[in-house]
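Worksheet: one structure, shown below.
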Protein chains: 2
Amino acid sequence: MKLLIIEDEPSLNKSIVDYLTDRQYLCESASTYADAIEKVECYQYDCIVLDIMLPDGNGLKLLQQIKANNKTEGIIIISARNELDDKVAGIELGADDYLTKPFHLPELAVRISAIIRRKNLQGSNLLLFEEIQMDVPGKAVTVNNKALLLTRKEYDLLLYFIINKNRVLSKNAIAEHLWGDDMDMVDNHDFLYTHVKNLRKKLLQAGAKDYIQSIYGIGYKFSIA
Amino acid sequence: MKLLIIEDEPSLNKSIVDYLTDRQYLCESASTYADAIEKVECYQYDCIVLDIMLPDGNGLKLLQQIKANNKTEGIIIISARNELDDKVAGIELGADDYLTKPFHLPELAVRISAIIRRKNLQGSNLLLFEEIQMDVPGKAVTVNNKALLLTRKEYDLLLYFIINKNRVLSKNAIAEHLWGDDMDMVDNHDFLYTHVKNLRKKLLQAGAKDYIQSIYGIGYKFSIA
DNA sequence: ATTAAAACTGAAGATTTGCTGAAGAACGCA
DNA sequence: TGCGTTCTTCAGCAAATCTTCAGTTTTAAT
């Protein structure tokens with residue numbers, strides 16, 4: 001799961017990123033309005049944590065642009081206690097949740113997880129695709145009710161596939177989601193090839209059909225037949 | 001076993017915490033509504049002791065929110081004798097027990113233990129998992145009916161494993177439950193490694209199988225096979 | 001059919017994570 | 001206070017995973 005942390009204070013930004021990275025999220029951070037708007041326009045995230053007060057532009061404007069961009073990301077606003085009006089405005093502009101500073105990191109983590117669950121799993125903990133079942137909070141995968149052990153990258157890959165089932169995914173989009181933007185994936189898709197190969201092998205061995213279809217020149221599509 | 005004591009009067013709070021800590025509970029305390037709601041949202045407890053009268057908000061509202069949060073914690077309400085209506089309302093809102101001030105600490109301890117027993121042990125005193133048997137009130141463990149001596153951390157760890165059997169537990173979740181929130185576990189899981197190692201060794205020596213499965217990059221799962 | 005690009009594969013290093021035993025520190029009890 | 005137990009720290013080793021790479025197969029277009 002990929003997050004964007006928009007927060008200008010470096011130490012807070014770092015502690016948020018460290019904490020969430022430790023909990024298996026892939027985090028990217030932005031510290032200015034310009035930085036943030038660029039990342040939001042270029043990449044896709046599962047959830048965005050947005051500090052309303054930014055040095056070079058108002059966070060509400062940023063929020064508006066995110067929403068205008070027709071992005072479906074979940075958004076959590078953080079703000080100081082005396083910026084209550086901004087908070088209310090944020091919710092009206094379509095933020096999914098808010099948090100007042102100072103807050104505790106576990107609480108932020110709980111809310112992120114709740115938003116992601118709401119968005120991708122319709123409130124359930126289980127993701128189903130034919131004979132494959134993913135228990136997301138438990139990070140456990142079963143095929144025909146038999147446990148299947150996946151490595152972290154394999155798990156992330158399968159999760160991304162199932163959430164985006166029946167859609168053609170470019171290799172760059174997948175790579176971006178699994179490794180973030182600091183990775184040099186322009187002319188090297190060997191990572192992906194290897195992990196797709198390993199995931200396919202494990203799924204087949206577990207008795208699932210090969211739902212990972214290669215789309216020549218583009219990427220993959222996860223679907224039946 | 002991890003408890004949260006919500007009580008605004010410092011001396012009473014401290015004496016409750018001291019008494020229960022002495023009886024091997026891991027206690028955290030909150031003295032205000034805001035403080036309490038935050039802890040409840042971030043952490044997980046086995047039982048919550050809640051004083052209905054709080055300075056900055058009504059305890060009943062807090063109780064309602066705990067229940068709304070879909071938490072499964074047991075809850076004991078404490079209140080002054082003249083707040084009988086609140087007490088009744090509390091039970092109706094889903095509190096598991098109540099106590100009127102002033103009360104004796106041993107009585108509180110008895111009720112906490114009863115709630116935990118009801119919740120985790122379905123009313124029994126024994127927790128069973130294959131050849132392992134835990135007598136919770138007696139803090140005694142047997143494997144194939146032969147006594148097994150565990151240290152406190154080992155005992156707490158095994159108890160947490162068995163209560164959460166078949167679930168993937170992150171190292172952070174385990175650490176939080178065994179050491180509380182004041183511990184700096186971000187990049188140091190050596191505690192856990194050592195205690196898991198010692199617990200495994202003792203269980204194996206006693207003739208039990210190794211039910212503690214390591215989940216690479218995440219934590220552990222306690223289950224058969 | 002030929003060809004060049006793209007995709008796949010197995011196996012090798014490199015890296016990260018987990019395990020271990022032993023030593024030092026803290027604790028509880030007499 | 002002193003003693004034995006338990007808890008924490010640490011450094012070296014082992015294992016799992018990730019990345020790299022060279023060689024092979026597949027694909028689409030000529």
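Nothing here was measured: the structure is a model prediction, and the numbers come from that model.
Taking atom CG of Leu157(B) as the reference point, atom P of dT8(D) lies 12 Å away to the nearest angstrom. Rounded to whole Å, the distance from CG on Leu150(B) to P on dT6(D) is 10 Å. Rounded to whole angstrom, the span from the CG atom of Asp190(A) across to the P atom of dG10(C) amounts to 15 Å. Between the CD atom of Gln213(B) and the C1' atom of dG18(C) there is a distance of 15 Å, rounded to whole Å. Distance CD (Gln24(A)) to C1' (dT17(D)): 13 Å, rounded to an integer number of Å. Whole-Å rounding puts the Asp156(B) CG to dT6(D) P distance at 14 Å. Straight-line distance from the CH2 atom of Trp179(A) to the P atom of dT20(D): 10 Å, rounded to whole Å. What separates CG of Leu192(B) from C1' of dT17(C) is a distance of 14 Å, to the nearest Å.
Residue-to-nucleotide proximity on DNA chain C shows that, of Gly219(B) and Val196(A), the 5′-proximal contact is made by Val196(A). Each of Lys201(B) and Ser214(A) has a nearest nucleotide on DNA chain C; the 5'-most of these lies closest to Ser214(A). In terms of position on DNA chain D, the residue among Lys197(B) and Tyr216(B) whose nearest nucleotide sits closer to the 5' end is Lys197(B).
The pair Glu154(A)-Lys202(A) meets the salt-bridge criterion, with a side-chain N (NZ, NE, NH1 or NH2) lying under 4.0 Å from an Asp/Glu carboxylate O. A salt bridge links Lys101(B) to Asp51(B): at least one charged side-chain nitrogen sits closer than 4.0 Å to a carboxylate oxygen. Between Arg200(A) and Asp210(A) a salt bridge is recorded (basic side-chain N to carboxylate O distance below 4.0 Å).
Scanning atom types as modelled, no donor and acceptor separated by under 3.5 angstrom connect the side chain of Thr194(B) and the base of dT20(C).
Lys153(A) comes within 4.0 angstrom of the backbone, heavy atoms only, and of no base. When heavy atoms are screened at a 4.0 angstrom cut-off, Tyr220(B) is found touching the sugar-phosphate backbone but no base atom. Using a 4.0 Å heavy-atom distance criterion, Ile218(A) is classed as a sugar-phosphate-only contact.
Between dA7(C) and Tyr193(A), a contact under 4.0 Å exists linking OP1 or OP2 to a side-chain N or O. Close to dT17(D), at under 4.0 Å from its OP1 or OP2, lies no side-chain N or O of His195(A). For dA16(D), the OP1/OP2 oxygens have no side-chain nitrogen or oxygen of Arg152(A) closer than 4.0 Å.
Of the candidates dT9(D), dT17(C), dG10(C), the closest approach to any side-chain atom of Lys171(B) belongs to dT17(C). Side-chain atoms of Thr151(B) lie closest to dT6(D) of the nucleotides dT6(D), dC8(C), dA5(C).
Side chain to side chain, Asp156(B) and His177(B) fail the donor-acceptor criterion of an N or O pair below 3.5 Å.
The environment of Lys14(B) atom NZ is sparse: at most 12 non-hydrogen atoms of other residues, nucleotides or ligands sit within 6.0 angstrom.
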